[in-house]
Amino acid sequence: MANHITLSCVWLLSLLVLAMSHETYIVHMDLSAMPTVFSSHHSWFSATLESITTTTITSTIVTSSRLVYSYTSAINGFTAILSPYELEQVKNMPGYLYMNKDTTVELDTTHSTQFLGLNAQSGAWPVGSYGEDVIIGVVDTGVWPESESFNDAGMSSVPDRWKGECEDGDEFNSSLCNKKLIGARYFNKGLLSNRRNLTLAMNSARDTDGHGTHTSSTAAGGYVKHASYFGYGTGTAIGVAPNARVAVYKAVWEEGVFVSDILAAIDQAINDGVDVLSLSLGQDGIPLHQDPIAIATFAAVEKGIFVSASAGNNGPYLGSLHNGTPWVLTVAASTMDREFTGMLTLGNGVSVTGFALYPANSSSTHGPIYFVGACENDLDASQIEEKIVVCLDKNDTLGEQYYNVQGTNVLGAIFITNDTDVEFFMQSTYPVLLLDPESGKKVTDYMRKLNNGEAKASMKFHGTRLGTKPAPRVASYSARGPSNSCPVVLKPDITAPGSLILAAWPDSVSLATLKKDVGTGTELLYSKFNLLSGTSMSCPHASGVAALLKAAHPNWTPSAIRSAMMTTSDILDNTLQPIQDIGDYNNPATPLAMGSGHVAPNRALKPGLVYNVNTQDYVNLLCGLNYTNIQIQAITRSSTINCSNPSLDLNYPSFIAYFDGNNSKSAKVIHEFKRTVTYVGIGRSTFTAKLTGIGRLNVSVSPQKLSFQSLNEKKSYKLRIEGSRLMENEVVFGFLSWIDNKGKFVVRSPIVATSLTSTAYMS
Ligand SMILES: *[C@@H]1O[C@H](CO)[C@@H](O)[C@H](O)[C@H]1NC(C)=O
Ligand SMILES: *[C@@H]1O[C@H](CO)[C@@H](O)[C@H](O)[C@H]1NC(C)=O
Ligand SMILES: *[C@@H]1O[C@H](CO)[C@@H](O)[C@H](O)[C@H]1NC(C)=O
Ligand SMILES: *[C@@H]1O[C@H](CO)[C@@H](O)[C@H](O)[C@H]1NC(C)=O
Ligand SMILES: *[C@@H]1O[C@H](CO)[C@@H](O)[C@H](O)[C@H]1NC(C)=O
Ligand SMILES: *[C@@H]1O[C@H](CO)[C@@H](O)[C@H](O)[C@H]1NC(C)=O
Ligand SMILES: *[C@@H]1O[C@H](CO)[C@@H](O)[C@H](O)[C@H]1NC(C)=O
Ligand SMILES: *[C@@H]1O[C@H](CO)[C@@H](O)[C@H](O)[C@H]1NC(C)=O
Ligand SMILES: *[C@@H]1O[C@H](CO)[C@@H](O)[C@H](O)[C@H]1NC(C)=O
């Protein structure tokens with residue numbers, strides 16, 4: 001009895017101490033220091049922790065709660081709850097390399113669930129048997145397994161090599177997985193160790209947010225007929241690689257997101273045998289050796305897993321992207337050639353069409369129409385009650401006007417605006433139609449001829465318009481390069497559809513709110529499909545394309561797949577003009593916004609030449625960036641680092657050169673790059689270099705012709721950029737294309753020269 005009481009007291013004490021001073025750390029260890037007596041990483045890590053002496057807690061009680069995760073693939077190391085005193089002891093243990101405090105991670109959807117989008121019936125994406133048996137691992141908020149997008153009808157049995165599982169949990173068991181959704185696991189020990197007495201709303205891989213269901217169905221969802229967002233975008237929804245398998249790893253919780261859980265998820269995905277990892281999340285402002293996603297994905301890429309990661313939604317400011325990691329594909333987001341519309345019909349029979357996504361079923365609104373001008377703070381709510389109000393946005397105050405009107409009891413609102421970045425206002429909680437100034441003039445002309453009270457109109461919703469031009473355009477929210485964590489590699493790599501993407505959604509998560517009449521509150525709406533926007537949505541498109549390429553070319557390395565996607569991408573839009581950047585007044589998008597261009601899956605199947613990068617090339621780069629041996633080891637997990645060939649010149653399918661800006665006195669500067677390409681065509685072929693100008697700089701290539709006799713032959717060339725200083729913060733760009741003599745291939749790389757100062761967080 002006495003013993004029991006003592007034990008209870010120790011428990012209480014330990015809980016108290018844990019709650020007060022202990023924190024969660026991720027510790028990197030050097031595996032070569034592991035004594036041979038240990039049979040596994042796990043037993044060594046456990047023993048390391050047990051050997052720590054503590055003054056307050058007996059080791060048997062604490063050990064179980066102290067070790068949160070031991071990792072085997074993504075990093076060599078573990079996550080543990082440690083006091084400051086214990087942390088110091090861990091640092092003195094044999095094999096200790098490096099530690100980080102556990103921190104939180106962000107998802108890459110703009111305005112949480114507000115923004116919307118879909119690419120269901122678009123013919124641009126390959127539809128067919130491609131993607132068969134490729135396994136795409138998605139680290140996200142889990143999955144809604146009942147979604148039709150995960151139906152496995154007609155799929156062959158799960159490949160034998162698959163080692164994943166469908167874990168039991170709240171409202172989830174293995175019977176919910178099938179031949180499409182082949183794995184579902186969840187990771188929250190890190191979250192629970194950071195927030196000790198948290199009760200999870202759904203302790204399983206079931207998605208209570210929607211993000212993970214959306215991203216995983218975007219990458220590999222099957223066909224679902226008659227999908228739509230309340231009648232907008234009606235058609236067949238389909239993932240980019242419809243025959244690929246999906247394995248979901250839930251590490252993002254409504255209650256919080258921690259690095260330790262993300263690491264555990266990637267670690268497990270590597271062990272389970274995924275082929276492609278899709279990561280629509282990231283951490284800002286950290287150097288490579290502290291970036292958990294950079295570290296964990298190095299191990300993945302080393303094992304031949306392709307990783308696609310979102311650039312982030314902090315655009316359009318330069319240097320705003322995350323995941324600017326040399327070994328992953330960093331994905332920007334752009335629009336598609338589809339618009340969602342509503343129609344306003346005036347009393348004189350004239351109709352105008354504008355942007356809208358008002359979801360309500362009651363599809364039309366009739367009544368008097370009333371012109372206000374700018375619906376700013378002096379808006380008189382009684383004047384516009386039960387009317388369709390017309391507001392003019394002359395001063396870039398659309399947001400303010402939208403909220404002013406939302407607070408009144410109008411029938412509906414028409415906003416006349418020049419703003420083209422209006423997705424947020426389209427998914428309105430009251431009937432809203434956004435008109436461009438030209439259509440707006442038809443409305444104001446009609447009203448000018450009538451007395452107030454005589455003008456009438458009706459609004460109609462649920463329109464979808466295809467063939468919008470120009471498209472694609474880089475979205476304003478899409479985060480921009482250069483990469484702060486590795487400025488010498490041009491990032492992002494590519495852009496893919498990210499705006500208003502339609503994909504599967506959980507039945508239980510409301511995705512739209514309707515304002516009822518004033519005083520009666522709001523109504524929540526549900527749908528099996530949702531429209532979202534963000535680089536979170538573009539990333540799984542790229543993952544799906546990578547799965548298609550992997551299926552077509554099982555022997556291609558991750559760097560070859562990336563190269564194929566980049567060098568064959570589109571730089572022209574559907575008007576055959578350079579792709580525009582919404583975030584830069586519709587000027588031509590620079591490679592710092594769109595990377596190499598817009599992904600073109602069909603052409604990526606036959607790239608002609610690829611730029612391969614091996615693990616030692618990445619190590620040479622880290623050496624060139626002056627990372628210390630320990631920092632490099634934290635990334636590569638290898639205890640022998642060969643830094644005899646440091647280099648800042650990675651064999652990458654793009655180029656970025658830094659020049660001095662105004663203030664420098666420097667005369668001519670020469671940047672030279674060396675590249676080696678591998679021929680992946682059939683028969684003999686000769687490629688000729690073609691350069692498009694970049695500003696006042698002289699660019700040359702030698703040799704200017706590369707001849708190949710057979711598959712997999714390698715040839716090298718040099719690219720030289722010569723010039724004096726650029727203007728302050730100037731970005732100039734051009735392209736190098738290798739064009740073959742049979743007219744089958746154009747292998748294009750972007751070249752950026754800039755005077756932006758790279759605010760590297762290196763070391
Ligand atoms: C698994 O879960 C489903 C849905 O919640 C349920 O219908 C089924 O009975 C469960 N199966 C087992 C074996 O628990
Ligand atoms: C645990 O929960 C209690 C009551 O909800 C709260 O007051 C306390 O701050 C929580 N402790 C921690 C460590 O979160
Ligand atoms: C919209 O209409 C459909 C079919 O008429 C109905 O099933 C659905 O519940 C309605 N949705 C709302 C939000 O009223
Ligand atoms: C739209 O832009 C044009 C040109 O900048 C300007 O003349 C016009 O007043 C603007 N209209 C509105 C409604 O903002
Ligand atoms: C636009 O903004 C300026 C300065 O804030 C203000 O003086 C002007 O009245 C505004 N114009 C309109 C049409 O609201
Ligand atoms: C690395 O260190 C060397 C020697 O100190 C220096 O010359 C070089 O500029 C540094 N490189 C970078 C990328 O900082
Ligand atoms: C390091 O790599 C170079 C070639 O890159 C090789 O010549 C050298 O032997 C290597 N050193 C060690 C210690 O492996
Ligand atoms: C940089 O040069 C440009 C063009 O020569 C000039 O307009 C600008 O004022 C200069 N800026 C600084 C900070 O010297
Ligand atoms: C570019 O090359 C031309 C011809 O070789 C030369 O006259 C010019 O000075 C060079 N310009 C720069 C900026 O190096």
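Start at 1 and go down the list; that is how both ligands and their atoms are numbered.
- If you number the atoms of ligand 7 from 1 as listed, the ones under 4.0 Å from a heavy atom of Ser644 come out as 1 (C), 2 (O), 3 (C).
- Each of the atoms 11 (N), 13 (C) of ligand 6 lies under 4.0 Å from some heavy atom of Gly624.
- A donor-acceptor contact shorter than 3.5 Å is absent between the side chain of Asp291 and the backbone of Ile286.
- Comparing Asn645, Asn642, Ile641, Thr640 against atom 14 (O) of ligand 7, the shortest heavy-atom distance belongs to Asn642.
- Around NZ of Lys690, the count of heavy atoms belonging to other residues, nucleotides or ligands within 6.0 Å does not exceed 12.
- Geometrically, Arg748 engages Phe735 in a cation-pi contact defined by less than 6.0 Å to the ring centre and at most 45° from the axis.
- The number of heavy atoms from other shown groups lying within 6.0 Å of CD1 (Ile682) does not exceed 12.
- In this structure, Pro646 has no heavy atom closer than 4.0 Å to ligand 6.
- Close contacts between ligand 6 and Asn626 involve ligand atoms 1 (C), 2 (O), 3 (C), 8 (C), 10 (C), 11 (N), 12 (C), 14 (O) [criterion: under 4.0 Å to a heavy atom].
- Lys715 forms a cation-pi arrangement with Phe708, by the criterion of a distance under 6.0 Å to the ring centre and an angle within 45° of the ring axis.
- When distances from atom 7 (O) of ligand 7 to the protein are checked, no heavy atom turns up under 4.0 Å.
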